[in-house]
Amino acid sequence: MEELQDLRRRIRSIRSTKQITSAMSLVASTRLRRIETLLEHARPYATTLQHIAQDIAARTPPWAHPLLTPRQIQVPAYLVLTSDRGLAGGYNAEILRSAVERMGGPRGGLVAVVGKKGLDFFRRRGYRLLQEHVYLPDTPQEAIAERIARGLLSEYVAGRIDAVYLVYARFLSRASYKTGILQLLPIDAAARTGGDDLSIPYIYEPSPEVVLDRLLPFYLASTVYAALVEARASELAARTVAMNAATDNAEELIDRLTLDYNRARQAEITQEISEIVTGAESLR
């Protein structure tokens, strides 16, 4: 009897868990559709602006602007985009692993972290934190991206950091994403691929300094914003897949426990009938 009660309790508990994981999957999928719409606009814009900035960097002498001038990298900074919540499979673990492998340890540079999961990870391991951004809105905001970019830019211009790298997840589909590292500062002219003949110079109006002062910080903020959108879409995709898998596993476990319950119940009924028959025969 105790075995049957225990099985009933486990089945009820797993059914409750299944309802939760199914609801979480539905919520994540609904939010992902909204972020995908946002990503359709943010990605082409950021990609085009990135190509323009790299093209200008390839055509412009490095000394023309401090954001183009390569430095001896002694204190790099890493902008690492993670999530505030878990239950997203290996999403955060993969991003943090990529960041740690690139940094090589707590003394490998400064960290500007987005997301509570990343903040807890780096704090526990003694990494030096440059920025902390947690519990951001579900939909990435341009103002937040601009604030992050402005903080990194001021540190770079002041000479307190020598390079800035972005560690984030790029959304591929509802079932996959790819963790990558992108150099934000200095603007990487070597990353330019294809395009026009570099021997043709740009003509700047009113001057190269004014154009680059306006364009390059704007490029940095736009790249950070697009990365926030990519990261959010990747997180929701990972959570949708993880919750679907959890729901399927719960369904399989319920089926197996129900079968065990039916077998135990049948055995109990058989035993009761046997006891009744035995008792009836003893009265003859």
Residue pair Arg147 / Ile144, side-chain heavy-atom distance below 4.5 Å: yes
With a sphere of 6.0 Å drawn around CZ of Arg160, does it hold more than 12 non-hydrogen atoms of other residues, nucleotides or ligands? yes
When you measure from the side chain of Asn92 to the backbone of Thr82, do you find a donor-acceptor pair of N or O atoms at a distance under 3.5 Å? no
Minimum-distance pair of heavy atoms, taken over all atoms of Ala264 and Leu7: CB-CD1, 4.4 Å
Do Val224 and Leu38 share a hydrophobic cluster, counting only Ile, Leu, Val, Met, Phe, Trp and Tyr and linking them when any side-chain heavy atoms are less than 4.5 Å apart? no
Quick check: is Leu253 connected to Met24 through a chain of hydrophobic side chains (ILVMFWY, heavy atoms under 4.5 Å apart)? no
Quick one: closest heavy-atom pair of Ala175 and Val241, and the distance? CA-CG2, 4.2 Å
Should Tyr165 and Tyr78 be marked as a ring pair (Phe, Tyr, Trp, His ring centres under 6.0 Å) after you check the CA-CA gap, both sets of side-chain angles, and the distance that decides it? CA-CA 5 Å; Tyr165 300 95; Tyr78 296 84; 5.4 Å; yes
Arg123 and Glu132 ion-paired at < 4.0 Å: yes
Atom CD in Glu251, atom CZ in Arg256: separation rounded to 0.5 Å? 12.0 Å
Find out whether Val113 and Gln131 are in side-chain contact, i.e. whether some heavy atom of one side chain is under 4.5 Å from a heavy atom of the other. no
Would you say Ser154's side chain and Gly151's backbone share a donor-acceptor pair under 3.5 angstrom? yes
Is it true that Asp120 and Lys116 have a side-chain N and a carboxylate O under 4.0 angstrom from each other? yes
So, does Gln141 use its side chain to make a donor-acceptor pair with the main chain of Thr139 at under 3.5 Å? yes
Return the minimal non-hydrogen interatomic distance between Ala226 and Ala46, and the atom names on each side. CB-CB, 3.4 Å
Just by distance, do the side chain of Ser13 and the backbone of Arg9 share a donor-acceptor pair under 3.5 Å? no
Do Phe218 and Leu182 belong to the same hydrophobic cluster, where Ile, Leu, Val, Met, Phe, Trp and Tyr are linked whenever their side-chain heavy atoms lie under 4.5 Å apart, directly or via other members? yes
Just checking, Arg71 and Tyr156: is the charged tip under 6.0 Å from the six-membered ring centre and within 45° of the axis? yes
For the backbone of Arg85 and the side chain of Arg239, can you confirm whether one donor and one acceptor N or O come within less than 3.5 Å of each other? yes
Apply the test side-chain contact (heavy atoms from CB on, under 4.5 Å) to residues Leu96 and Val167: give CA-CA distance (whole Å), side-chain angles for both, the deciding distance (0.1 Å), then the verdict. CA-CA 8 Å; Leu96 294 172; Val167 185; over 6 Å; no
Decide whether a cation-pi geometry holds between Arg125 and Phe121; the criteria are a distance under 6.0 Å from NZ or CZ to the six-membered ring centre and an angle within 45° of the ring axis. yes
Yes or no on side-chain contact (heavy atoms from CB on, under 4.5 Å) for His133 and Ile148, after CA distance, side-chain angles and deciding distance? CA-CA 9 Å; His133 304 275; Ile148 295 172; 3.5 Å; yes
Taking Ser234 for the side chain and Phe171 for the main chain, is one N or O donor matched with an acceptor at less than 3.5 Å? yes
Give the intermediate values and the outcome of side-chain contact (heavy atoms from CB on, under 4.5 Å) for residues Val111 and Met103. CA-CA 10 Å; Val111 180; Met103 296 178 69; 3.5 Å; yes
Can you measure from OG1 (Thr30) to CD1 (Ile35) and round to the nearest 0.5 angstrom? 12.0 Å
Would you find a donor on one side and an acceptor on the other, under 3.5 Å apart, between the side chain of Asp84 and the backbone of Tyr135? yes
Phe122 reachable from Leu130 in the ILVMFWY side-chain graph, under 4.5 Å edges: no
Judged by modelled atom types alone, do Thr247 and Thr21 share a side-chain donor-acceptor pair under 3.5 Å? yes
Any donor-acceptor pair under 3.5 Å from Gln183 side chain to Pro186 backbone: yes
Side-chain donor-acceptor contact under 3.5 Å, Arg8 with Tyr261: yes
Heavy atoms only: give me the nearest Ala163-Ile73 pair and the separation to one decimal. CB-CD1, 3.9 Å
Using a strict cut-off of less than 4.0 Å between a Lys/Arg side-chain nitrogen and an Asp/Glu carboxylate oxygen, indicate whether Arg232 and Asp138 qualify as a salt bridge. yes
Determine whether Asp162 and Gln72 make a side-chain contact, defined as any pair of heavy atoms from C-beta on separated by less than 4.5 Å. no
Identify the two heavy atoms, one from Leu32 and one from Ala233, that lie closest to each other, and give their separation to 0.1 Å. CD1-O, 3.5 Å
Can you tell me if Arg10 has over 12 outside heavy atoms packed within less than 6.0 Å of its CZ? no
Is it the case that one hydrophobic cluster holds both Val114 and Ile181, taking links as side-chain heavy atoms less than 4.5 Å apart, direct or via other members? no
Could you give the distance from CD (Glu235) to OH (Tyr177), rounded to the nearest 0.5 Å? 10.5 Å
Look only at the side chain of Ser98 and the backbone of Glu94, and say whether a donor-acceptor pair between them is shorter than 3.5 Å. yes
Ser176 versus Ser173, side-chain donor and acceptor atoms under 3.5 Å: yes
Between OH of Tyr91 and OG1 of Thr179, what distance do you get to the nearest 0.5 Å? 8.0 Å
Hey, what do you get for CG (Leu81) to CG (Leu79), rounding to the nearest 0.5 Å? 5.0 Å
To the nearest 0.5 Å, how far apart are CD in Glu155 and CG in Leu185? 12.0 Å
Where do Leu220 and Ala149 come nearest, in terms of heavy atoms and distance? CD2-O, 3.8 Å
Let's go through Thr223 and Leu49 carefully: what are the C-alpha distance in whole Å and the side-chain angles of both, what is the deciding distance for side-chain contact (heavy atoms from CB on, under 4.5 Å) to 0.1 Å, and is it a yes or a no? CA-CA 8 Å; Thr223 302; Leu49 192 58; over 6 Å; no
